[in-house]
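Here the structure comes first, spelled out in structure tokens, and everything after it is commentary.
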Amino acid sequence: MTIIVKDIGTVDVEKGKDLLSIAYELGFKDALSALVNAQPKDLSHIPQDGDAVEFITFKHGLGKEIYWHSTAHLMAYAVKNLHPDAILGIGPATDDGFYYDFLIDKPLSDDDLAGIEEEMRRILDEDHRFKRVELSKDEMRELLTERGETLKVELLNDIEDEVISGYWLGEFFDLCRGPHLPSTSYIGAFKLLSVAGAYWRGDEERPMLSRIYGISFPTVEELERHLKLLEEAKRRDHRLIGRQMDLFSIEEKVGSGLVLWHPKGAVILDIIQRFWTDEHIKHGYQIVQTPHIMRDMLFKTSGHYDFYIDNMYTLNVEGTEYVLKPMNCPAHFLIYMSEIRSYRDLPIRYAEMGTVYRRERSGTLHGLLRVRGFTIDDAHIFCTPEQITEEVKKCLKFSVFFIETFGFTDYHFELSVRDPLNKDKYAGSDEEWERAEEALLKAAREVGFEPVRMEGEAVFYGPKLDLKLHDALGRIWQATTIQFDFNLPARFGAVYVDTDGERKEVVVIHRALLGSMERFMGTLIEHYGGDFPLWIAPVQARVLSVSDKFIKYARKVHDILKGDGIRSELDDRDARLQQKIRDAEVMKVPYMLIVGEKEEKEGLVSVRVRKRGNIGTVHLNEFIDNIKSEIESKSTPSMLKKE
RNA sequence: GCCCAUGUAGCUCAGUCGGUAGAGCACCUGCAUGGUAAGCAGGCGGUCACCAGUUCGAAUCUGGUCGUGGGCUCCA
């Protein structure tokens with residue numbers, strides 16, 4: 001018989017031969033699984049005449065999934081050996097590894113990981129095969145019940161199929177769709193990374209299970225490379241760099257999730273905000289500013305109050321209820337509605353660096369990325385239905401301009417739409433949703449992007465288009481969000497007078513390009529690891545005197561730089577040059593200007609670049625010209641791109 | 001909010017079996033005047049997160065509160 005193998009073509013094979021032998025004969029030595037007529041299969045599968053076969057290696061996304069999933073089974077086997085009372089939850093592969101959840105009397109802790117790894121190694125030495133079995137639902141239920149796997153029985157009951165598959169690995173059995181690796185010998189290197197609590201089926205009302213996260217690779221080298229990447233991520237942690245560079249702090253005395261911006265952090269915020277304001281004005285926005293507290297009525301009108309009150313900070317002033325604003329939209333609506341608006345006025349674009357407060361649950365707070373007080377680079381665009389596509393296109397181009405200026409070259413878009421099965425929970429008509437989705441998609445395509453469609457990810461008041469950026473380590477962060485709103489215009493009665501003299505409901509687009517300033521700063525810090533491009537570096541140059549004989553000249557250089565608008569610092573401490581250099585390097589200062597006898601005599605500076613070292617001596621004026629043009633260019637230093 | 005871990009000097013951390021605390025860095029003082037990633041010496045600095053409890057005695061044991069971290073959940 002013949003099968004069609006991807007990358008090879010039609011191949012004659014002996015009937016009854018399994019995929020593993022076929023892969024071996026054809027030289028697909030790294031194959032771990034295969035797609036047979038686009039269905040994932042174990043290599044023990046026996047193909048039929050005419051099947052289309054694609055062998056899958058670890059390099060494929062699916063290959064990784066299978067590899068990690070199989071490692072999860074191995075881990076669960078080890079856990080069951082060590083803790084026979086543990087009941088299996090679920091154990092899938094994730095984007096970067098795998099986990100398995102266990103219901104266990106005494107929750108697992110980090111200290112248990114080493115023992116589990118050891119047991120995994122012991123099992124690995126026994127070299128077990130993953131053996132697939134297919135049972136009827138009743139047989140499967142019986143087997144799982146007999147093994148005490150009550151949670152698996154619950155999962156089983158939700159499966160519609162008649163024939164249910166499971167896998168044996170030695171004494172270990174798991175309900176599982178598969179496929180799996182042929183045997184544990186394929187698992188080259190693994191590491192258990194952490195334990196955490198996780199609700200059964202993600203439901204707060206259900207029991208808390210112990211979850212173990214891990215990762216595995218075919219070779220030790222790949223594992224080590226991955227662990228190094230995790231180390232690098234740890235080294236770039238914005239909380240750590242924030243302290244090292246003295247950018248910000250979050251103090252218990254102030255309150256959780258509230259950020260104190262120190263001078264060096266605040267100066268970065270200021271640079272970003274000035275740039276932001278200038279560009280918004282250039283792009284046809286009007287800057288507005290609205291109060292931090294507003295009467296609760298406003299949020300009752302907007303409809304947020306009932307739904308969101310638990311997350312709002314409230315205060316009572318002389319018997320009147322106020323809230324700290326959790327969002328800027330209602331205030332922008334009131335500005336819009338302060339006059340009768342004509343179609344001739346539209347689009348109207350209001351932008352505000354609006355600081356909002358939301359009482360996020362304590363467990364969700366995380367450095368700058370999840371806070372309770374933050375500033376949104378918010379804007380609301382009021383327009384007619386005909387203007388939608390054009391306005392969305394402008395937002396997209398504007399967003400990309402910002403993101404790229406800040407040095408992010410990789411990103412993708414996601415279009416979040418309604419959950420088709422649950423249309424009731426959304427505001428707005430089918431027609432409005434369709435029109436808005438179409439406008440978002442059309443705008444994205446016209447600007448040259450194909451967004452990833454995310455079913456059910458839309459917020460209740462309208463569809464949205466998000467830009468997700470990829471940082472220097474390949475991690476994905478939320479940045480721009482462009483959202484339609486079918487809720488507020490109706491609630492506020494926000495209208496415009498059309499050409500026919502009729503009042504019509506205005507269309508509103510909410511958008512934030514950077515997201516929140518706090519989160520964006522966290523993203524920037526981690527992307528650059530603190531080595532900011534010159535134009536946003538909190539300190540651009542530091543003048544180091546070789547000894548205290550040259551402090552006078554050092555101060556003169558420093559004053560000239562400051563006078564030219566360059567963020568300069570002077571290190572006039574009575575310390576050795578080596579120490580001054582080290583301290584400047586630790587603070588990630590882009591340029592160190594070293595001045596001693598020679599420099600003073602001839603009006604020179606000796607220039608040292610962070611992480612690179614001494615690049616020679618130039619006249620001060622020449623240095624200033626160069627640094628100014630580098631600031632002007634907003635460029636990302638080439639030495640940073642390589643990292 | 002929930003599970004687990006955790007909280008000692010400004011920072012990073014040590015502190016054994018319960019006997020009221022230690023290092024490095026930072027800071028201050030002095031010596032050294034040093035040319036491209038930490039010169040040397042001395043000094044200052046702690047209500048051991050907070051509140052109760054057990055004990056002759058608590059950084060240490062117990063309970064609670066708050067904070068932080070890893071997750072779950074949430075993100076209008």
Side-chain angles (χ1 to χ4, degrees), chain A residues 89 99 101 104 106-112 193-213 234 237 239-240 243-244 246 249-257 299 302-312 326-327 329 356 358-367 369-372 374 425 427 457-462 478 481 483 485 487-488 510 515-516 519 544-551 573-587 592-599 606-617:
Chain A
Y99 66 81
D101 288 345
I104 189 167
K106 185 186 171 295
L108 297 167
S109 81
D110 288 309
D111 300 335
D112 296 314
L193 298 170
S194 61
V195 292
Y199 298 107
W200 172 234
R201 309 192 105 180
D203 184 345
E204 264 178 74
E205 307 291 318
R206 316 285 306 254
M208 176 70 70
L209 311 183
S210 279
R211 174 172 297 179
I212 302 179
Y213 284 91
K234 215 182 258 180
D237 190 310
R239 294 163 297 185
L240 186 68
R243 171 167 294 143
Q244 281 169 353
D246 196 18
S249 63
I250 297 173
E251 309 272 347
E252 190 174 344
K253 286 184 179 112
V254 175
S256 293
F299 291 91
S302 73
H304 294 113
Y305 192 93
D306 290 337
F307 192 61
Y308 198 63
I309 183 65
D310 289 345
N311 290 324
M312 282 160 52
M327 53 195 35
C329 346
V356 299
R358 303 179 184 181
R359 211 199 65 83
E360 303 290 353
R361 297 161 84 186
S362 58
T364 64
L365 301 175
H366 177 93
L369 303 181
R370 195 75 184 171
V371 289
R372 286 179 172 161
F374 56 99
K425 40 175 227 188
E457 290 294 309
V459 286
F460 85 92
Y461 53 77
Q478 167 80 46
T481 184
Q483 309 186 344
D485 193 329
N487 184 47
L488 290 182
H510 302 257
S516 86
R519 178 176 295 191
L544 316 182
S545 56
V546 170
S547 83
D548 59 10
K549 285 186 199 133
F550 315 109
I551 286 176
R573 289 176 302 170
D574 186 8
R576 298 188 58 181
L577 181 60
Q578 286 93 318
Q579 185 170 8
K580 295 184 184 186
I581 288 170
R582 191 191 128 82
D583 291 346
E585 288 281 357
V586 168
M587 291 302 276
M592 282 156 260
L593 302 182
I594 292 151
V595 296
E597 187 173 3
K598 178 170 161 243
E599 289 80 7
S606 173
V607 182
R608 188 187 161 97
V609 179
R610 78 177 151 198
K611 291 182 129 177
R612 204 163 90 191
N614 188 8
I615 58 164
T617 304

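Sequence lines set the chain letters: A, B, ... in the order given, protein chains first and strands last, and positions in each chain run from 1.
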Rounded [atom1] spacing from [N] to [M] in Å:
N	M	atom1	value
rA37(B)	rA21(B)	P	42 Å
rC31(B)	rA23(B)	P	25 Å
rA58(B)	rC48(B)	C1'	11 Å

Answer with yes or no whether [X] presents, from its side chain, a donor or acceptor under 3.5 Å of a partner atom in the base of [N].
X	N	answer
Arg370(A)	rC75(B)	yes
Gln579(A)	rA38(B)	no
Ser256(A)	rU68(B)	no
Arg576(A)	rA37(B)	no
Tyr199(A)	rG1(B)	yes
Glu599(A)	rG35(B)	yes
Arg582(A)	rU36(B)	no

Describe the nucleic acid contact of [X] in one word from base, sugar-phosphate, nothing, applying a heavy-atom distance below 4.0 Å.
X	result
Tyr99(A)	nothing
Met592(A)	nothing
Asp574(A)	base

Practice task
Could you pick out which residue, Val607(A) or Arg239(A), lies toward the 5' side of RNA chain B when each is mapped onto its nearest nucleotide?
Solution key: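 This one resolves to Val607(A).
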Handout entry: Residue met sooner reading RNA chain B from 5', once Phe460(A) and Met208(A) are mapped to nucleotides
Key =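 That would be Met208(A).
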Problem - Nucleotide opposite rC40(B) in a Watson-Crick or G-U pair, distances under 3.5 Å - result: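 Partner of rC40(B): rG30(B).
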Are any protein N/O atoms closer than 3.5 Å to N/O atoms in nucleotides 5-13 of chain B? If there are, list each pair with its distance.
from	atom 1	to	atom 2	distance (Å)
rU12(B)	OP1	Arg243(A)	NH1	2.6

Problem - Contact summary for Arg372(A) and Arg361(A), nearest pair of heavy atoms - result: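 In terms of heavy atoms, the two residues are closest at NH2-C, 3.9 Å.
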